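Contents: one structure, followed by commentary.
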Amino acid sequence: GQNIDQPTEMTATEGAIVQINCTYQTSGFNGLFWYQQHAGEAPTFLSYNVLDGLEEKGRFSSFLSRSKGYSYLLLKELQMKDSASYLCAVTPDSGAGSYQLTFGKGTKLSVIP
Amino acid sequence: EPEVTQTPSHQVTQMGQEVILRCVPISNHLYFYWYRQILGQKVEFLVSFYNNEISEKSEIFDDQFSVERPDGSNFTLKIRSTKLEDSAMYFCASSIGTFNQPQHFGDGTRLSIL
C-alpha cells in the first residue's frame, strides 16, 4: 500500500525559513514531487527529487533520503503569498507504465506578518 | 506558457444524472490523468490514459466512470449516474511522459451533486 505523512498545519513569520517534512512508504518509487495549492485552485509544480540530496530552485529547496523514506521542502524568505497548502506526492512504480501521483493530505502553511 | 484547460469550471447536477467533464491537455503531452479532491481532503488519483487507452485506474474509478479522447485535443471524464458522494473538485492533468516529468494540472471542475 501507499502511505504519505506530512503535518496538517504550520505557521511561520514573513521573512523567516520554514521546513515542511514528508515521510512515505510506497510500493516502488519513481520520484517525489512537491506541489503548491492555493485554496480553491489547482496544484502547481514546485520540485522533483529522485536521487538523494538537495535540489535548490530559488527560494525553494527540496531534500530526499530514499533510505529513510523522507523528504522536506524548505521555503526561505517567506512572503505572504506563500500561504498555501504544500502537497507531497510520490510516483510509485506500478509497472503499468503509468506515472500517477499518490498525494499526502497536504500541509497548510500560514504566513503571518 | 501552455496550460491545461478544463470546462466547465462549476457543474451542478441532480443525483442520477450523467455528467461529462472536459479537458484540453497541453498539446505535446502524451499522458493524461484525472484526479479528484473532495472538499478538505487529499487529491486522489482516478485514471491515467496513454496511447488512446487506459493505462491504470484506481478503485474509485468503477463502472460508473469512463474516459475518452474523442479527437486530437479533448480528454473527457464521464460519470454515468452521479451520486452525492461524487461531489468534488475534478482535476485533469497532463505530462510529456516518463516519471521525472511534472504533471501540469488544470484549474479543475467543481462538481456539485444535489
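Reckoned from all heavy atoms, side chains included, excluding hydrogens, waters and symmetry mates. Lettering follows sequence order; numbering is per chain, from 1. From a predicted model like this one, the values you see are computed outputs, not experimental measurements.
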Looking at [X], I want to see if its [atom1] is surrounded by more than 12 non-hydrogen atoms of other residues, nucleotides or ligands under 6.0 Å.
X	atom1	result
N28(B)	CG	yes
K81(A)	NZ	no
E59(B)	CD	no
L39(B)	CG	no

According to a 4.5 Å side-chain heavy-atom criterion applied to Ile, Leu, Val, Met, Phe, Trp and Tyr, with indirect links allowed, do [X] and [Y] form part of one hydrophobic cluster?
X	Y	value
L75(A)	L32(A)	yes
L78(A)	Y86(A)	yes
W34(B)	I54(B)	yes
L30(B)	V4(B)	no
L74(A)	M10(A)	no

### Task
Please report the shortest heavy-atom distance between A42(A) and F91(B), naming the atom on each side.
CA-CE2, 3.6 Å
### Neighbourhood of chain A inside residues 101-114 of chain B, taking heavy atoms under 4.5 Å as contact
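Result: Q101(B), P102(B), Q103(B), F105(B), G106(B), D107(B).
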### Message
Please output the residues of residues 7-21 of chain B in contact with chain A, using a heavy-atom cutoff of under 4.5 Å, in numerical order.
### Response
none
Which pairs would a plain distance check flag for residues 17-24 of chain A, meaning a side-chain donor or acceptor within less than 3.5 Å of a matching protein atom at least two apart in sequence or in another chain?
from	atom 1	to	atom 2	distance (Å)
Q19(A)	NE2	N21(A)	OD1	2.9
Q19(A)	NE2	Y70(A)	OH	3.2
N21(A)	OD1	Y70(A)	OH	2.9

About how many Å separate [atom2] of [Y] and [atom1] of [X], when rounded to the nearest 0.5 Å?
X	Y	atom1	atom2	answer
Q37(A)	K42(B)	CD	NZ	14.0 Å
S55(B)	Q100(A)	OG	CD	7.5 Å
F45(B)	Y99(A)	CZ	OH	13.0 Å

### L87(A) versus chain B, the contacting section by heavy-atom distance below 4.5 Å
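Side chain only.
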## Note on the structure
Against chain B, residues from residues 101-113 of chain A with at least one heavy atom under 4.5 Å, in numeric order, are L101(A), F103(A), G104(A), K105(A)
